[in-house]
Amino acid sequence: MIKGTVKIASEICKGCELCIVACPQDSLQLSREINLRGYRYAELKDDNCTGCINCALVCPDSAITVYRMPKKSK
Amino acid sequence: MEENVLEGLECVYVKPDTLTDKYQHYCPGCGHGVVHKVLMEVIEELGIQDKTIGVAPVGCSVFAYNYMNVDMQEAAHGRASAVATGVKRVLPDKYVYSYQGDGDLAAIGTGETIHTVNRGENILMIFINNGIYGMTGGQMAPTSLPGQVTSTTPYGRDPKKIGYPLKITDLLANLPGAYYVTRQAVHTPNAVRKLKKAIKNSFEYQLLDRGTCFIEVVSNCPSGWKMTPVDTIKYLEEEMLPQYPLGDLKVPQNN
Amino acid sequence: MTKEIRLMKGNEALAEASIRAGLQAYFGYPITPQSEVLEYFAEQAPKRGFTVLQAESEVASINMVFGAAGAGARVMTSSSSPGISLMQEGLSYIAAGELPCLIVNVNRGGPGLGTIQPGQGDYFQSTKGGGHGDYHLIVLAPSSVQEMADFVFEGFKLAEKYRNPVMILTDGALGQMMEKVELPPEGSLPYVRPEWATTGKAATRERNIVTTLFIEPEVMEQVNIKLQKKYTEICEKEVRYETINCEDAEIVLCAYGLSARISQKAMDLAREGGIKAGIFRPITLYPYPYEILNKLAETADHFLDVEMNAGQMIEDVRLGVNGKKPVHFTGRMGGMIPDPEVIYQEIVKIVGKK
């Protein structure tokens with residue numbers, strides 16, 4: 001079961017890579033493809049995302065939406 | 001298929017509605033976008049969109065009003081805090097903030113900056129310090145570092161000839177009109193969290209009417225510094241922060 | 001409060017009238033000979049509920065006016081020549097942002113730091129732009145303490161009607177002289193906060209933006225076209241002037257403000273001496289009353305422009321007369337006031353009889 005995931009607006013992303021270095025799980029990478037504005041964009045590499053939101057916090061273009069498994073009440 | 005991936009997950013971070021959908025003109029990796037975002041998050045979380053007026057500067061963030069979904073005025077170069085004063089004085093019950101870069105706030109607008117804080121104008125002043133003139137193409141700023149190469153200091157900034165980095169935030173912290181003065185940054189997730197907290201506190205302080213809140217944000221300028229956005233993180237940490245150490249310079253006194 | 005007759009200094013009458021006209025905020029910086037305006041407001045503000053702020057400079061003042069006007073308040077500033085020069089950038093922004101406000105210039109002699117004595121050397125600056133870009137202020141020129149008060153009401157009305165800055169261009173003598181003035185009752189000028197003002201984005205509307213930046217030239221040109229359309233309308237509808245004894249005049253003295261008062265004395269001397277002299281006094285310096293001048297040029301033989309400068313309005317007089325008749329000039333500069341007797345001698349010289 002995955003813990004978290006991100007959705008990245010690939011047409012808004014400018015490929016600055018700040019999210020990639022901010023990710024503690026090393027889950028992100030730059031795409032091989034380019035978007036309409038000519039940028040390679042950030043994308044999920046592995047599904048080991050924990051939904052920590054670090055990538056979204058440092059994203060200057062607010063291109064990242066983060067989802068996380070709700071914490072189960074014990 | 002995408003729906004399946006998201007099934008059972010909750011959304012924990014999404015662009016605030018107080019930020020418009022307009023594509024931002026900033027260069028890749030520019031700190032302006034981060035500050036815009038957390039500022040708008042705070043306005044959304046506090047539910048004060050209908051009570052907030054922002055003032056944009058001249059500089060890279062001259063178009064801030066295209067992205068911030070609040071009522072805004074675009075001021076002349078250096079005069080954002082005077083314009084914000086005009087707004088606040090006639091709308092004292094509203095939240096007012098100004099948003100300026102280093103050239104705007106600490107060079108051409110130094111007089112307005114000091115006197116706005118000296119009057120204890122009950123507004124939030126946000127000061128983006130990236131040590132360079134971004135919009136005009138990378139010229140020296142009052143906050144440029146000693147030795148820093150810019151298009152107008154091609155041999156490096158020589159303090160003996162052109163002065164030292166102006167630590168205007170340190171100056172302002174000495175003024176009785178200042179209520180809360182802090183220096184934050186945007187280069188790491190934790191720095192962004194702290195910045196957001198500082199902005200939130202500042203808006204809440206406006207209700208107290210105790211004086212000016214002033215937040216310097218040490219930011220980056222990949223285009224002006226002529227390096228990749230990722231490299232700016234290192235430069236910011238190693239070169240900028242020793243000159244501009246992070247933390248509170250004046251904390252609110254309970255009285 | 002009802003109508004009231006008082007003996008007041010021009011500057012104070014202007015300030016008192018502003019309060020009665022529903023002034024909400026004043027931002028200014030001390031400068032002779034208009035400091036009484038700020039002083040009067042500072043004294044009255046706590047009692048009568050409006051904002052007054054002594055700014056750190058004229059640059060700050062005019063930008064505070066920008067902010068307050070953008071927030072929809074009825075707002076004004078005042079200064080004298082060197083201070084008004086400092087405000088020119090802000091005035092260009094205010095005109096471009098179409099923000100209504102009132103600016104008072106108590107003109108003194110220049111250029112440079114000049115003198116604190118009255119002058120009219122700011123005519124070009126006031127009427128032709130002053131700051132950068134294609135814009136105009138509406139410029140009102142009082143020639144009595146009564147008009148110093150009346151034109152405040154007129155000024156706010158015009159400013160709000162056209163969303164355009166209005167300047168009252170007066171001088172140090174009118175500002176300092178004391179005369180009887182009838183003041184209108186307080187609250188006689190209705191005020192509605194405009195819909196475009198930045199007051200906080202209600203959920204029911206799009207955000208309001210006050211900006212003067214239109215980076216695409218196609219858009220910037222459209223903004224200019226809109227402004228010019230407004231100026232054309234102002235020129236069609238808002239021209240104001242006074243003529244005295246022009247019906248049979250062989251020579252028409254053209255003067256505004258204090259010069260017009262002095263010219264009136266010269267006119268009397270001329271009439272006593274058997275010369276049919278008249279007065280043309282523009283009240284709006286922008287829009288300028290060209291048409292009436294052109295009409296007067298059909299009957300009068302000479303025009304004598306009288307100013308407290310080296311001859312600035314004379315260019316507009318010439319445009320109005322349009323070559324039909326000769327236009328002459330007499331004036332004093334640098335804070336000196338023309339002598340009616342000297343003007344009379346000039347009239348005699350021009351008309352050629354005694």
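Convention: sequence-line order gives letters A, B, ...; per-chain numbering from 1.
- Under the side-chain contact (heavy atoms from CB on, under 4.5 Å) criterion, A:Ile34 pairs with A:Arg40, not counting sequence neighbours.
- At a heavy-atom separation below 4.5 angstrom, chain B is approached by A:Ala56, A:Leu57, A:Val58, A:Cys59, A:Pro60, A:Asp61, A:Ser62, A:Ile64, A:Thr65, A:Val66, A:Tyr67 within residues 56-67 of chain A.
- Both the backbone and the side chain of B:Val12 come within contact range of chain A, with heavy atoms under 4.5 Å apart.
- Ring geometry, B:Phe127 versus B:Phe214: the interplanar angle falls from 30° to 60°, so the pair is classed tilted.
- Between chain A and the options B:Ala191, B:Cys30, B:Pro222, the largest number of non-hydrogen pairs under 4.5 Å is found for B:Cys30.
- Contact count versus chain B (heavy atoms, under 4.5 Å) is highest, among A:Glu17, A:Glu11, A:Arg37, for A:Arg37.
- At least one test fails for A:Lys14 against the ring of B:Tyr26: distance under 6.0 Å to the centre or angle within 45° of the axis.
- With hydrogens and angles disregarded, a donor-acceptor distance shorter than 3.5 Å links the side chain of B:Asp104 to the backbone of B:Gly78.
- Salt-bridge check for B:Asp71 with B:Lys94: failed, with every basic side-chain N at 4.0 Å or more from each acidic carboxylate O.
- Ring orientation note: the planes of B:Tyr67 and B:His36 are tilted relative to one another, at an angle of 30° to 60°.
- Of the residues considered (B:His32, B:Lys15, B:Glu41, B:Glu10), B:Glu10 shows the highest number of contacts with chain A, using heavy-atom pairs under 4.5 Å.
- Ring-plane geometry between B:Tyr180 and B:Tyr205 is classed as perpendicular, the angle between the planes exceeding 60 degrees on a 0 to 90 degree scale with a lower cut at 30.
- To the nearest 0.5 Å, atoms NE2 (B:His187) and OG (B:Ser219) are separated by 10.5 Å.
- Among the candidates A:Pro70, A:Ala22, A:Ala9, the residue making the largest number of heavy-atom pairs closer than 4.5 Å to chain B is A:Pro70.
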